[in-house]
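All values below come from the heavy atoms of this structure, side chains included, with hydrogens, waters and symmetry mates left out. Numbers for residues simply follow the sequence, beginning at 1. Only a predicted model underlies this, so the values are computations on that prediction, with no experimental measurement involved.
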Amino acid sequence: MESSSSPAPKPELGFWNSLLGTLLAGSLGYGFYLLLNGIAAKLPAISDNAAPLARSLSILIRYFLVGSVALMTFMFGVVTLGLLGLTLQLLGQQIRGWLTKPDPSQL
């Protein structure tokens, strides 16, 4: 079997692709935020009269669960802000291209 040495074509970076990525990351971040609020509201209090090992394990699992969902929420929020900045930059470049039409005499 022969392998082709030609590189794969790069996808074009466009305004709509960036906007779609922003919306996807934002909706995932918002979903994880709602999940984080739901977890925080629904977790029962840890009882004081539980065995020390059971109490320690429940605290560990609670911190791991809440911490991992909070990390995913923060991660998707930061990605959303970055993609929003890229979207605005691409939009500005498109508007600037529309406003500065090339002079036909220079062609």
Euclidean distance, T87 OG1 relative to W16 CH2, rounded to 0.5 Å: 10.5 Å

CZ on F15 to CG on L88, rounded to 0.5 Å: 8.0 Å

To the nearest 0.5 Å, tell me how far L35 CG sits from T73 OG1. 7.5 Å

In this structure, would L36 and V78 fall into the same cluster of hydrophobic residues linked by side-chain contacts under 4.5 Å? no

By side chain to side chain donor-acceptor pair (under 3.5 Å), which residues pair with T100, not counting sequence neighbours? none

Hydrophobic cluster identity match, Y63 and F74, side-chain contacts under 4.5 Å: no

Smallest separation among heavy atoms of S18 and L90, with atom names: CB-CD1, 4.0 Å

Taking L24 as the fixed residue, which of L28, L20, T22 is the one that meets the side chain to side chain contact (heavy atoms under 4.5 Å, CB included) rule? L20

Do you know the tightest heavy-atom contact between G26 and T80? N-OG1, 3.0 Å

Would you please test L86 and Q89 for side chain to side chain contact (heavy atoms under 4.5 Å, CB included) and show each step? CA-CA 5 Å; L86 176 65; Q89 180 182 3; 4.1 Å; yes

Tell me, please, which residues at least two apart from Y33 pass ring-ring contact (aromatic ring centres under 6.0 Å, His included). none

Using the rule that Ile, Leu, Val, Met, Phe, Trp and Tyr join whenever any side-chain heavy atoms are under 4.5 Å apart, tell me whether F32 and M75 fall into a single cluster. yes

ILVMFWY cluster, I95 and L19 together (side-chain gap under 4.5 Å): yes

Inter-residue atom distance I39.CD1 - S68.OG, 0.5 Å rounding: 7.5 Å

Taking atom CZ of R96 and atom CG of L91, what is their separation to the nearest 0.5 Å? 10.5 Å

CG/L60 to CG/L65 distance, rounded to the nearest 0.5 angstrom? 11.0 Å

